[in-house]
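Order of appearance sets the numbers: ligands from 1, and atoms from 1 within every ligand.
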Amino acid sequence: MKNQMSPIQWPAEGVTRAPYSVVSDPAIYRLEQERIFRGPVWHYLCLEAEIPEPGSFRTTYIGETPIIVARDKDGGINALVNRCSHKGALLCVEPGGKRQNFTCLYHAWSYDLTGSLRSVAFQNGIAGKGGMPPDFDISQHGLERVRAESFRGLIFGTFGAAEDLETYLGPGMTALIARAFHKPIEVLGYHHQVLPNNWKLYSENTRDPYHATILHAFYPTFKLNRLTMEGGITLDHGGWHSILFSKGATFRPGEYEGTGIRSLIDDLRLADASLIESRQEFDDGITVAIQSIFPGLVHQQIYNTLAVRQLVPQGPERSELHWTFFAYKDDDPELRAMRMKQSNLIGPAGYISMEDGSIGGYVQRGIAGAGSGVNAVIEMGGREIASTTSARANETAIRGFWQAYRSLMGL
Ligand code: FES
Ligand SMILES: [Fe+2]
């Protein structure tokens with residue numbers, strides 16, 4: 001497909017190839033901000049549990065655009081662009097908290113929790129001199145509002161004409177969200193990390209079961225996850241979103257022999273095995289489920305660690321990953337202690353996720369200088385885009401990602 005306005009030409013092979021320039025070209029990056037991040041796409045913003053009461057707020061992003069999500073005094077959820085209407089200053093710099101209004105540091109214009117402008121400092125000047133013109137109408141200068149919807153306590157926003165949120169997610173995705181968010185949660189804590197790579201390299205990573213037990217040595221070594229376990233890949237919305245899942249109880253020893261995988265040392269033992277003590281919380285037997293919602297939300301269960309990850313683009317070769325760890329309010333003390341201990345598995349320094357924080361940088365460095373026409377090869381598991389309950393040596397979810405990307409970008 002060739003678009004007159006397109007900065008690149010997609011390879012003729014389609015989604016089994018992705019041009020390396022797509023993760024480094026500044027023109028592509030700018031086009032994404034318009035077509036994906038301001039386009040007909042839902043973007044995860046925060047959890048309802050983070051804004052429980054009137055006046056509670058979180059600051060977040062849609063693409064590069066800073067956003068405030070605030071609960072107003074009637075309990076409504078307001079997603080607002082975090083940008084003062086006067087000169088564009090960032091209005092709210094804290095990650096979250098509780099407020100009655102948002103008052104700009106620069107000249108003290110003040111907005112209520114729904115984003116309406118309530119007061120302008122010195123609007124009438126001083127002793128009748130200066131101030132705003134008499135016809136200045138503060139009702140016309142509120143914060144830009146963003147359409148927001150919530151599903152099972154996950155709040156999403158969109159600048160574009162996206163379909164309703166539940167349709168956007170699709171039945172396969174809403175089922176896993178409903179499974180995790182089936183009772184009240186509370187946030188345990190946060191991690192933020194800078195990724196030295198384009199946001200799409202991380203989007204590929206969480207759709208890639210092929211690397212999981214190879215790059216992450218901890219997984220197969222301590223038998224938490226192997227490709228030979230029962231599991232699968234569920235796609236939805238035509239491949240835009242995916243779930244990679246596995247069932248730890250189906251571990252069978254010995255099946256990685258002869259693969260040359262560096263991590264497989266069968267007699268290695270943890271000095272303190274309580275790190276990976278876990279409890280089966282869900283009756284479907286799934287112990288690892290990584291759900292990727294296009295473009296930048298990851299919702300995960302890894303044994304008893306529950307978390308959402310928000311991917312924030314910050315330029316062609318940099319992004320940020322915001323982790324929010326959660327638990328159920330009614331956890332018994334033993335389960336809560338397990339969750340806290342297992343949280344060492346994930347996050348920027350997590351035993352099974354730290355490598356993802358640098359591998360995208362390896363790709364970014366490796367493709368430097370690649371000319372046009374040099375492409376990634378995405379043929380593992382075939383060339384189609386389809387759910388599967390076997391063969392997790394498969395890149396079908398990555399092909400699904402690129403299909404979504406191409407359709408939105410017109411590439
Ligand atoms: S920039 Fe916010 S009040 Fe002037
Ligand atoms: Fe990974």
Would you check if there is a donor-acceptor pair between the side chains of Trp323 and Gln193 at a distance under 3.5 Å?
-> yes

Answer yes or no as to whether an N/O/S atom of Cys104 is found below 2.8 Å from atom 4 (Fe) of ligand 1.
-> no

Kindly check if the number of other-residue, nucleotide or ligand heavy atoms within 6.0 Å of CG (Asp74) is above 12?
-> yes

Is it the case that Arg207 places NZ or CZ above or below the six-membered ring of Phe401, under 6.0 angstrom from the centre and within 45 degrees of the axis?
-> no

So the protein N/O/S atoms within less than 2.8 Å of the Fe ion (ligand 2) come down to His211 NE2, His216 NE2, Asp356 OD1, Asp356 OD2

Axial cation check for Phe159 ring with Arg147, 6.0 Å and 45° limits = no

Taking the six-membered ring where the residue is Trp, are the ring centres of His322 and His191 under 6.0 Å apart?
-> no

Sub-4.0 Å atoms of ligand 1 with respect to non-hydrogen atoms of His107 | 1 (S), 3 (S), 4 (Fe)

Within 6.0 Å of CZ in Arg145, more than 12 heavy atoms from elsewhere = yes

Check the side chains of Thr206 and Ser292 for a donor-acceptor pair under 3.5 angstrom, ignoring hydrogens and angles.
-> yes

Which atom of His86 approaches atom 4 (Fe) of ligand 1 most closely (N/O/S) = ND1

Which atoms of ligand 1 are found less than 4.0 Å from any heavy atom of Trp109?
-> 3 (S)

Salt bridge Arg58-Glu50, side-chain N to carboxylate O under 4.0 Å | yes

How about Cys84: does one of its N, O or S atoms come closer than 2.8 Å to atom 4 (Fe) of ligand 1?
-> no

